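This one's a predicted model, so the numbers in the text were calculated from it and none came from an experiment.
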Amino acid sequence: MGVQQQYDEIGEAFEGFKSLPLMRFGEVPSFLGMVGDVSGKSVLDLACGTGFYSREFKRRGATDVLGVDISVEMIAAGKQAERREPLGVRYEVGDVAALRPLVRRFDIAVGVQCLNYAEDLAAMDRMCRTVHRSLVPGGEFFVLAQKPDYRFDCASLDAYGFRCEPTGEEAETGPLVRVTALLDPEPISIVATAPRREAYEESLRGAGFSALEWLPLQVSEAGIREYGKDFWADLLANPPLEMLRCRS
């Protein structure tokens, strides 16, 4: 099943991912912390899903935010959220590997679970080139994805709201992984690749990016207050997600 189809079937239920402990106290604060101050900056949110980060960046003072996703259903949910709470976020359906030339360049691009959907190295190269030409010189690209060398050995990952299992298949970029969000009333599974570290680095450098830096997932103070330090020990020892920043 293709990326578009997987996400079209999930639709608005995707918003529920962000309420699970791993997302709420790990991914979201870590990623927003890495991106930092966006006030007065334009942001291109690639594989934006239902627009969770697009909306967050607009609330934090970004001047212009464009969310792009391959899934019609995801973009429809984003537009619906914009109607409910008008923030001025723009959304459009598009494939990051074949994005239309944008009228203007952005200060910041973000790709949360984006590059890992490249079906092969050529597609990842195309994605990275697209992002590079969509940024102003010296613009920043922030990535969040499966940890490249994750060993699927975090026994208590269920406690954080997720399951992460190898499918046993291998793509050109790395192993295929089934991630299941343990949502109520029914879990939602998505299959994607977990590209090798060098696949990311070679594609990004080949597209013209420099100053590549991998950053670990953190747990927010709020997460430690709510669950206690011991609860997070396994996650911090075996984080299934990792972040990457680079400059155009």
Between Gln113 and Leu241, is the side-chain contact (heavy atoms from CB on, under 4.5 Å) condition met? List the steps.
CA-CA 10 Å; Gln113 303 291 11; Leu241 301 170; 3.5 Å; yes
Determine whether Val38 and Val136 fall in the same hydrophobic cluster, where Ile, Leu, Val, Met, Phe, Trp and Tyr are linked whenever their side-chain heavy atoms lie under 4.5 Å apart. no
So CG of Asp158 and OG1 of Thr180: to nearest 0.5 Å the spacing works out to 9.0 Å
d(Glu165 CD, Leu157 CG) to nearest 0.5 Å is 9.5 Å
> Passes salt bridge (Lys or Arg N to Asp or Glu O under 4.0 Å), Asp149 versus Arg151? Steps please.
Replying inline: CA-CA 6 Å; Asp149 38 24; Arg151 293 193 183 86; 6.0 Å; no
Separation between CD (Glu140) and OG (Ser248), nearest 0.5 Å, reads 8.5 Å
Apart from Leu115 itself, its cluster of hydrophobic side chains linked below 4.5 Å comprises Leu44, Leu46, Leu66, Val68, Val96, Leu99, Leu102, Phe106, Met124, Met127, Val131, Leu135, Phe141, Val143, Tyr200, Leu204, Phe209, Leu212, Trp214, Leu244
Mind checking whether Phe25 and Tyr160 have ring centres under 6.0 Å apart?
no
Looking at Arg247 and Gly138, would you say the former's side chain and the latter's main chain have a donor-acceptor pair under 3.5 Å? yes
Check your understanding: Are the side chain of Asp69 and the backbone of Gly49 linked by a donor-acceptor contact shorter than 3.5 Å?
Key -> yes
- Kindly work out whether a path of hydrophobic side-chain contacts (I/L/V/M/F/W/Y, heavy atoms less than 4.5 Å apart) joins Val179 to Leu182. no
Closest non-hydrogen contact found for Ala97 with Ala123 is CB-O, 4.2 Å
Leu22 and Pro240 have their tightest heavy-atom pair at CD2-CG, 4.1 Å
Transitive ILVMFWY side-chain link Leu87 to Val43, under 4.5 Å:
yes
Check: Would you say Glu56 and Leu32 make side-chain contact, with heavy atoms under 4.5 Å?
Finding: yes
Is Thr63 reaching over with its side chain to a backbone N or O of Lys41, donor-acceptor style, under 3.5 angstrom? yes
Between the CZ atom in Arg84 and the CZ atom in Arg55, the distance rounded to the nearest 0.5 Å is 7.5 Å
* Asked: Any side-chain heavy atom of Phe142 within less than 4.5 Å of one from Cys246?
  -> no
Heavy atoms of Asn238 and Tyr150 approach each other most closely as O-CE1, 3.3 Å
request  = Step through the shown structure and confirm whether more than 12 heavy atoms of other residues, nucleotides or ligands are within 6.0 Å of CD on Glu85.
outcome  = yes
With no hydrogens and no angle check, is any side-chain donor or acceptor of Ser156 less than 3.5 Å from a backbone partner on Ala159?
-> no
Practice task
Using distance alone, with no hydrogens and no angle criterion, decide if Thr173 and Arg196 have a side-chain donor and acceptor under 3.5 Å apart.
Solution key: no
For this session: Decide, yes or no, whether a salt bridge links Lys58 with Asp64 under the criterion of side-chain N to carboxylate O below 4.0 Å.
Result: no
When clusters are formed by joining ILVMFWY residues with side-chain heavy atoms under 4.5 Å apart, either directly or through shared neighbours, do Tyr117 and Leu121 land in the same one?
no
> Do Ile75 and Glu92 have side-chain heavy atoms sitting under 4.5 Å apart?
Replying inline: no
Check your understanding: Between Arg24 and Glu226, is a side-chain contact (heavy atoms from CB on, under 4.5 Å) present by the stated rule, with each step listed?
Key -> CA-CA 11 Å; Arg24 187 172 164 205; Glu226 183 140 340; 4.1 Å; yes
| said: Can you tell me if Arg59 has over 12 outside heavy atoms packed within less than 6.0 Å of its CZ? | reply: yes
For residues Ser54 and Tyr91, determine if any side-chain heavy atom of one lies less than 4.5 Å from a side-chain heavy atom of the other. yes
Considering only heavy atoms from C-beta outward, does the side chain of Asp125 approach that of Glu202 to under 4.5 Å? no
Derivation of the salt bridge (Lys or Arg N to Asp or Glu O under 4.0 Å) call for Glu82 and Lys79: CA-CA 5 Å; Glu82 175 65 28; Lys79 286 180 173 175; over 6 Å; no
Checklist entry - After noting the C-alpha distance and the side-chain angles of Glu201 and Arg197, does the key distance pass the salt bridge (Lys or Arg N to Asp or Glu O under 4.0 Å) rule? => result CA-CA 6 Å; Glu201 292 177 0; Arg197 213 170 283 274; 5.6 Å; no
dist Met243:CE -> Leu217:CG (nearest 0.5 Å) comes out at 6.5 Å
>> For Ser42 and Ile108: C-alpha separation, side-chain torsions, deciding distance, then whether side-chain contact (heavy atoms from CB on, under 4.5 Å) applies.
In response: CA-CA 6 Å; Ser42 54; Ile108 291 170; over 6 Å; no
CZ of Phe152 to NZ of Lys147, rounded to nearest 0.5 Å, is 11.5 Å
_Whether Lys18 engages the ring of Phe52 as a cation-pi pair (distance to the six-membered ring centre under 6.0 angstrom, angle to the ring normal within 45°) should be assessed._
yes
Worksheet item: Can Thr193 and Asn116 be counted as having a side-chain donor-acceptor contact under 3.5 angstrom?
Response: no
- Query: Are Ile224 and Phe231 close enough, and set up right, to give a side-chain contact (heavy atoms from CB on, under 4.5 Å), and what steps lead you there?
  - Reply: CA-CA 8 Å; Ile224 290 163; Phe231 174 80; over 6 Å; no
Distance-only, no hydrogens or angles: does the Thr167 side chain make a donor-acceptor pair with backbone N or O of Val177 under 3.5 Å? no
Point to revise | Student check: side-chain heavy atoms of Val35 and Val110 closer than 4.5 Å | key: yes
Ser134 versus Arg105: any side-chain heavy-atom pair under 4.5 Å?
no
